[in-house]
Structure formats: structure tokens, C-alpha cells
Amino acid sequence: MRLSRYFLPLLRDDPKEAEIVSHRLMLRAGLVRQSSAGIYSWLPLGHRVLSRIEQIVREEQDRAGALEMLMPTIQSAEIWKESGRYEVYGKEMLRISDRHEREMLYGPTNEELITAIFRDGVKSYKELPRILYHIQWKFRDEIRPRFGVMRGREFLMKDSYSFDLTLEDARKSYNKMFVSYLRTFSRMGLKSIPMAAETGPIGGDLSHEFIILADTGESEVFCHRDLLALEAPGPDLDYDSDLTPLIRDWTGKYAATIEKHDAAHFSKVPEKDRVTARGIEVGHIFFFGTKYSEPMGCKVQGPDGDLVTVQMGSYGIGVSRLVGAIIEASHDDAGIIWPASVAPFDVGLINLKVGDAETDKAADDFYAKLEAAELSVLYDDRDDRAGAKFTAMDLIGLPWQIIVGPKGLKSGEIELKERATGVRHSLTFEAALNRLIASATKARKEAA
RNA sequence: CGGGGCAUAGCGCAGUCUGGUAGCGCACCUGCUUUGGGAGCAGGGGGUCGCAAGUUCAAAUCUUGCUGCCCCGACCA
């Protein structure tokens with residue numbers, strides 16, 4: 001993409017309403033614009049990031065055996081009355097009337113809808129277990145939206161729902177999602193730590209929040225150092241195998257957010273292993289048994305012919321929130337530092353002297369070569385000053401920068417700069433191209 | 001919802017107290033010079049001063065009402 005043809009409104013100054021760093025950078029780097037309180041428009045660059053995050057979530061859900069579908073944003077109040085939540089939910093739910101005065105609402109979540117769909121479509125235990133998910137916009141009329149897309153009112157969320165015949169099976173579904181989340185966040189370059197969360201009406205240990213560590217995170221978290229060293233499972237993992245040992249590794253050590261922190265318990269962790277950090281919640285998995293299936297009559301016939309109320313769980317990932325969360329976890333004074341897996345473009349190509357025939361030709365040629373190698377490129381071909389281009393490129397945070405200027409061209413070289421480290425190398429065109437291709441190949445291998 | 005604050009050009013702000021031709025910096029456009037980390041000079045475009053009523057010869061400025069937005073708290077992916 002040539003920057004001269006792109007839509008990328010950058011801001012030099014911080015808009016005053018933006019308090020936290022991710023919000024500031026998202027506005028400055030032209031990722032989003034606020035539409036009204038807690039509601040954002042995604043500009044082209046931001047939309048690319050959002051799509052990439054969404055795609056990673058999708059791939060890892062599919063890998064775990066979950067099935068993608070799509071439910072509407074607008075729901076009928078009827079099913080919410082069935083579950084009893086229409087009264088309970090309160091003002092967070094945006095209620096709407098249609099032209100016939102029918103009570104509608106903009107969905108804050110989808111348990112009722114999916115339960116109704118599943119109930120109407122499944123009658124036999126043979127059709128269990130199933131995990132269904134969708135990635136859809138939600139609306140929760142937060143009392144006070146803040147932190148940009150991290151706590152918006154409208155947000156993009158992946159929500160999965162599991163349906164099982166028995167508690168034992170439900171735990172297996174839960175474990176699949178648990179492991180899937182480890183992989184999902186790891187692929188985004190994040191260190192995520194599952195932390196025990198408020199358990200549902202059933203009790204037990206089947207609720208976890210997935211917290212990513214970021215110095216500027218919203219809440220204080222405490223955990224055992226060993227958890228930081230744990231690696232997410234590789235792509236060859238068999239989701240139908242027994243996942244309990246894996247889960248045990250990840251849940252055996254102390255980990256809690258400030259809300260659930262138990263100082264006495266934490267003090268039993270050897271002092272050198274105690275980590276106190278800041279974190280952001282990006283996912284939440286939850287088993288809730290028959291909370292919805294019971295009142296809504298979601299039953300299947302078991303092997304013995306008896307009707308059994310299905311066991312359910314739900315599993316959320318804040319997709320739009322992740323954009324902010326990743327920036328919180330990965331930025332410096334100059335701007336965003338995108339992990340390669342979610343970066344809006346792989347490479348930023350800077351032509352330092354637009355209008356100079358030799359430089360133009362060299363930059364154009366390299367642009368073509370990068371595109372031919374299936375790398376996505378944002379090519380700064382604007383007639384602007386070098387300093388302005390460097391600053392802009394650092395701000396938007398693409399993992400690699402290629403700098404083409406008359407100085408390097410004299411010796412047949414261009415510069416490759418790694419955004420994360422700032423390290424720059426003068427290389428021949430070929431060497432630079434090979435380095436970038438190698439890095440992309442490596443990234444694709446990690447994803448697969 | 002309680003407390004506090006803000007609303008003037010795309011962004012950041014001054015002007016409001018004490019009513020009298022709407023300003024500054026950055027960004028944007030044109031030209032010249034410049035050109036490897038946000039250049040210089042000159043010229044230029046852009047604002048129903050959040051909205052509505054009122055007071056007044058005259059309102060960004062005073063009065064009243066409304067709306068939007070932000071911050072702190074309780075709530076949350």
C-alpha cells in the first residue's frame with residue numbers, strides 16, 4: 001500500500017481526552033476515532049489490526065474444535081424473559097423498541113440466544129458435545145466508558161458456548177477452551193496468565209480470567225514466577241487427548257488479581273518467586289451448568305431415554321480490547337511496537353528522497369519485490385521530510401522498516417531497521433529481502 | 001448514579017473575569033530555498049465560538065435551560 005493513497009490521519013499531539021497510553025497511541029497513529037462515548041470507528045490501519053487479531057482467535061477456536069457461526073447484534077427481549085435476565089440485567093442493557101413497539105435489545109452477550117438455537121436444533125445426546133462460537137459486536141451501556149477501546153460500550157467479542165451431557169464432559173470442553181486461550185494469546189506475542197476467577201452458581205474451580213501482563217495494566221496482579229516461564233502448547237497438540245496435566249501445570253501455582261488476592265496464601269510462595277505486576281483481563285472462561293438450559297428447557301435425550309438438561313459454559317475473548325491491551329504491553333516513547341503476528345503491515349518502506357529518480361526507482365523496485373514475496377508493505381512515498389517519515393513510521397509501529405535513501409544507494413545498500421530494538425543494518429537489497437522473507441516464514445511456521 | 005471539570009479551525013490552546021472587527025502553535029494549500037530523525041521564509045485556506053432562549057445598540061464573553069465529552073468513585077470483556 002502506498003501511503004500517498006492511504007487514509008492515515010496521524011496526530012502530532014495527544015488528544016486531551018485520552019488518558020492511557022494505548023488510547024493516546026491509537027488516536028495518534030490513526031487506528032480509531034471516537035464516535036461517541038465508548039464507541040469507536042475503526043480506520044483502515046486499526047481495522048487491519050482488529051482483523052488480524054480476530055483471525056488468530058478464529059484459527060485457535062477452530063483448532064480446538066469449536067464451530068463458528070454468527071448471531072445477530074439485535075435480539076428479542078422474549079428469550080431474555082425466559083432466562084429471567086431481562087429484569088436482572090439492569091441499565092447496562094441497551095433496550096430498543098421497534099416500530100411495532102416490540103421489545104428488542106442490543107445484545108450484551110448471547111447465552112439466551114445460543115441456548116434457544118441449540119434447544120431447538122438438538123434432541124439427542126449423540127449430538128453432544130458441541131462448542132459453538134461467534135465473533136460479534138456487543139453493547140454494554142457501561143456507566144462510565146474509559147480507556148479507549150479497552151472499556152468501550154460497543155466492543156468486538158469472541159464468545160463460545162459449550163454444550164455437554166455430563167459435568168465430566170463439560171470439564172473437557174472447558175479445558176479445550178482453556179488451552180485454546182493459552183495458544184491464542186501466545187500467538188499475539190502476549191504473556192497471558194490464567195487466574196482463578198469468581199466461580200459460577202455451581203461453584204468449583206471452573207472459571208478463569210486470562211490476564212496479560214503490561215506495565216501500564218489496569219489492575220495489580222500477583223503470581224508465582226514459574227508461570228511466567230511456562231510455554232503455551234504447540235500447534236501439534238491433540239485437543240481430544242487428556243488435557244488435565246497441562247491444565248494442572250497452569251493452575252497449580254499461585255496467581256490472582258487484586259480482587260481475589262490472598263496475601264497469606266501468597267506469602268507461602270518463596271519470596272524470590274513472588275511476582276507482583278500489572279495486568280489486563282483479555283479473556284474469561286466460565287462454566288455455569290444449567291443456569292440457562294434449565295429455565296429455557298434445553299434438554300436432550302440420553303442413552304437411557306431420559307431427558308437430560310445440558311451442561312453449559314461460556315468463553316469470552318475481548319477482541320477489540322486486545323488491540324488496546326497489546327499496545328499497553330508493547331510500546332515505547334516513540335509509539336506502538338506491533339508484534340509481527342498482529343501488525344497491520346509487515347514492513348514499512350521509506351523513500352527518503354521522493355522525486356529523485358534513482359531513489360524512486362530503488363524504492364519502487366523494492367516495494368514490488370516485497371509484495372511479490374507476499375509481505376504486506378506500507379510504502380511511504382510521500383514527498384515529505386526524512387525526519388517526519390521516521391517519526392510517523394515509529395509511531396505506527398510496523399515490525400520492520402526499510403529505509404531507502406541516496407546515501408545508502410551510493411554503495412548499493414538500503415537500511416533494515418527493527419522497530420522493537422531500533423537496531424539498523426545496512427544491507428544489499430537481496431540481503432534485506434532475504435532477512436524479511438526469513439522472518440515472515442518463521443512467523444508463519446509458528447502460527448501453523 | 002454521586003463528586004469535579006471541559007466545550008472557540010483537524011489537534012493542542014489563548015480570548016470569557018471587565019460585552020465592541022475571532023486569535024496563536026502545529027497540521028493543511030501555493031511558491032522558493034532546504035533535504036538521513038517532526039526545516040526556513042513568504043503568501044494562503046479553513047471556525048453557525050456545543051445547542052436554544054433571554055438581556056443589550058452590540059454576546060465567544062452576561063443570564064437561564066439543554067446537550068455532548070472528560071476525570072475520580074461504585075460496576076465491568
Side-chain angles (χ1 to χ4, degrees), chain A residues 7-20 23-24 27-28 30 33-39 53 57 89-93 107-110 135-160 181 185 197-198 207-212 218-219 257 259 279-286 314-325 333-335 350-356 359 380 382-395 401-410 413-415 417 422 424 426:
Chain A
F7 182 69
L8 186 65
L10 302 177
L11 296 175
R12 187 166 187 159
D13 302 312
D14 290 326
K16 65 175 173 182
E17 73 269 16
E19 194 78 351
I20 60 165
H23 192 193
R24 287 202 298 266
L27 291 167
R28 288 226 289 133
R33 285 295 180 265
Q34 180 166 309
S35 169
S36 59
I39 301 178
I53 291 174
V57 171
Y89 218 93
K91 291 192 169 179
E92 261 197 21
M93 185 152 77
T109 176
N110 287 66
I135 300 172
Q136 178 62 291
W137 292 91
K138 307 282 190 294
F139 192 91
R140 290 181 194 170
D141 200 356
E142 294 283 341
I143 294 168
R144 185 154 88 82
R146 63 183 120 171
F147 306 145
V149 300
M150 297 248 292
R151 178 98 54 87
R153 292 195 292 171
E154 189 182 59
F155 55 96
L156 187 61
M157 181 177 174
K158 186 285 298 178
D159 40 326
S160 310
Y181 278 30
F185 300 127
E198 214 62 58
S207 179
H208 287 89
E209 291 180 0
F210 283 74
I211 304 287
I212 63 158
E218 54 188 350
S219 62
T257 60
E259 292 82 10
I280 301 166
E281 183 185 349
V282 290
H284 196 160
I285 61 178
F286 206 84
S314 72
Y315 313 88
I317 291 180
V319 175
S320 49
R321 158 175 267 219
L322 269 165
V323 180
D333 289 346
I350 297 178
N351 179 341
L352 279 185
K353 195 166 185 177
V354 171
D356 173 74
T359 314
D380 192 345
R382 300 168 308 163
D383 184 11
D384 205 343
R385 303 188 54 89
K389 294 189 173 197
F390 290 135
T391 311
M393 204 54 90
D394 285 349
L395 174 64
Q401 295 173 18
I402 291 287
I403 300 156
V404 181
K407 206 184 271 181
L409 288 179
K410 274 183 201 153
E413 290 182 330
I414 53 182
E415 263 178 275
K417 174 179 161 182
R424 306 204 294 186
S426 282

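So you know, we letter chains A, B, ... as the sequences are listed, proteins then strands, and number each from 1.
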For A:Ile403, which contact category applies under a 4.0 Å heavy-atom criterion: base, sugar-phosphate, or nothing? base

Of all the nucleotides listed (B:rA7, B:rU35, B:rC11), which has the minimum atom distance to the side chain of A:Lys16? B:rA7

Evaluate side chain to side chain contact (heavy atoms under 4.5 Å, CB included) for A:Ile317 paired with A:Phe210, printing each intermediate quantity in order. CA-CA 9 Å; A:Ile317 291 180; A:Phe210 283 74; over 6 Å; no

State whether the distance check finds a donor on one side and an acceptor on the other, under 3.5 Å, for side chain A:Asp384 versus base B:rG38. no

From C-beta outward on A:Lys417, which listed nucleotide comes closest to its side chain: B:rU35, B:rG37, B:rC70? B:rG37

Pi stacking test for A:Phe390 and B:rG38: under 5.5 Å apart, planes under 30°: no

Roughly how far apart are A:Gln401 CD and A:Ile350 CD1, rounded to 0.5 Å? 5.0 Å

Nearest-angstrom distance, C1' atom, B:rG50 to B:rC6: 11 Å

Length of the CG-P vector between A:Leu352 and B:rG38, whole Å: 13 Å

Please name the nucleotide paired to B:rA39 by Watson-Crick or G-U wobble geometry with both distances under 3.5 Å, or report none. B:rU33

Integer-rounded Å distance: B:rC69 C1' and A:Glu142 CD: 17 Å

Over all heavy atoms of both residues, which pair between A:Arg382 and A:Ala392 is shortest? Give the atoms and the distance, please. NH2-CB, 4.4 Å

Is A:Arg144 near enough to B:rC71 that one of its side-chain N or O atoms lies under 4.0 angstrom from OP1 or OP2? yes

If you measure from the P atom in B:rG45 to the same atom in B:rA60, how many Å do you get, rounded? 22 Å

If the cut-off is 4.0 Å, is A:Lys91 near the phosphate of B:rC1, judged by side-chain N/O to OP1 or OP2? yes

Assign A:Arg424 to base, sugar-phosphate, or nothing according to its heavy-atom contacts below 4.0 angstrom with the strands shown. base

When you check the side-chain N and O atoms of A:Lys389 and A:Thr391, is any donor under 3.5 Å from an acceptor? no

How far, in whole Å, is B:rC11 from B:rA53 if one measures between their P atoms? 26 Å

Could you give the distance separating B:rC17 and B:rU63 at their C1' atoms, to the nearest angstrom? 15 Å

Of the listed nucleotides B:rG12, B:rG37, B:rG73, the one nearest the side chain of A:Asp13: B:rG12

Partner of B:rU18 under the Watson-Crick or G-U wobble criteria, both distances under 3.5 Å, comes out as none

If we take the C1' atom in both B:rU56 and B:rG20, what is their distance in whole Å? 12 Å

Please give, in whole Å, the distance from B:rG38 C1' to A:Ile350 CD1? 12 Å

Interatomic distance at P, B:rU21 relative to B:rA58, whole Å: 15 Å

Which residue, A:Pro145 or A:Glu218, contacts RNA chain B at a nucleotide closer to its 5' end, judged by nearest heavy atom? A:Pro145

Partner of B:rC6 under the Watson-Crick or G-U wobble criteria, both distances under 3.5 Å, comes out as B:rG68

Could you check which nucleotide pairs with B:rG23 in any of the strands shown, counting Watson-Crick or G-U wobble with both distances under 3.5 Å? B:rC13

Proximal nucleotide (of B:rU35, B:rC75, B:rC1) relative to the A:Arg385 side chain: B:rU35

Of the nucleotides B:rC70, B:rC76, B:rG37, which one has an atom closest to the side chain of A:Arg140? B:rC76

B:rA77 P sits how many Å from A:Phe139 CZ, rounded? 16 Å

Would you indicate what A:Gly152 reaches in the nucleic acid, counting non-hydrogen atoms under 4.0 angstrom: base, sugar-phosphate, or nothing? base

Are OP1 or OP2 of B:rC69 and a side-chain N or O of A:Arg146 less than 4.0 angstrom apart? no

Measure the CZ-CG distance between A:Arg28 and A:Leu11 for me, rounded to the nearest 0.5 Å. 8.0 Å

Separation of A:Ile143 atom CD1 from B:rA74 atom P, in whole Å? 11 Å

Hey, does the side chain of A:Gln34 come within less than 4.0 Å of B:rC70's phosphate (OP1/OP2), counting only N and O? yes

Using atom P in both nucleotides, what's the gap between B:rU64 and B:rC28 to the nearest angstrom? 43 Å

For A:Lys389, report the nucleic acid contact type (base, sugar-phosphate, nothing); a contact means any heavy atom under 4.0 Å. nothing

Rounding to an integer number of Å, can you tell me how far A:Lys138 NZ sits from B:rC76 C1'? 15 Å

The answer to which of A:Asp383 and A:Asp14 contacts RNA chain B further toward the 5' end, by nearest nucleotide, is A:Asp14

Scanning all shown strands, the Watson-Crick or wobble mate of B:rU55 with both distances under 3.5 Å is none

Counting the atoms with a prime plus P, OP1 and OP2 as sugar-phosphate, which does A:Ser320 contact under 4.0 Å by heavy atoms, base, sugar-phosphate, or nothing? nothing

Quick one: which of B:rA74, B:rA39, B:rC69 gets closest to the side chain of A:Ser36? B:rC69

Rounded to the nearest 0.5 Å, how far apart are CZ of A:Arg385 and NZ of A:Lys353? 11.5 Å

Just to be sure I understand the rule, does A:Glu17 reach a base, reach only the sugar-phosphate, or reach nothing, if contact means heavy atoms closer than 4.0 Å? sugar-phosphate

Say whether A:His284 and A:Ser207, considering side chains only, have a donor N or O and an acceptor N or O under 3.5 Å apart. yes

Measure CD/A:Glu281 against P/B:rA77 and give the value in whole Å, please. 5 Å

Figure out the CD/C1' separation between A:Glu19 and B:rG4, and round it to whole Å. 14 Å

Which nucleotide in B:rG37, B:rC70, B:rG10 has an atom nearest any side-chain atom of A:Ala37: B:rC70

When you measure from the side chain of A:Asp394, which nucleotide among B:rG38, B:rG25, B:rG37 comes out closest? B:rG37

Within the structure, does a side-chain N or O atom of A:Arg12 lie under 4.0 Å from either OP1 or OP2 of B:rC26? no

Considering every strand and a 4.0 Å limit on heavy-atom distances, what is the contact class for A:Gly405: base, sugar-phosphate, or nothing? base

Check step by step if side chain to side chain contact (heavy atoms under 4.5 Å, CB included) holds for A:Arg151 and A:Glu142. CA-CA 8 Å; A:Arg151 178 98 54 87; A:Glu142 294 283 341; 4.2 Å; yes

What is the pairing partner of B:rG47, taking Watson-Crick or G-U wobble pairs with both distances under 3.5 Å in any strand? none

Gap between atom CD1 of A:Ile414 and atom NZ of A:Lys407 - 0.5 Å precision: 16.0 Å

Euclidean distance for C1', B:rU18 against B:rC62 (whole angstrom): 11 Å

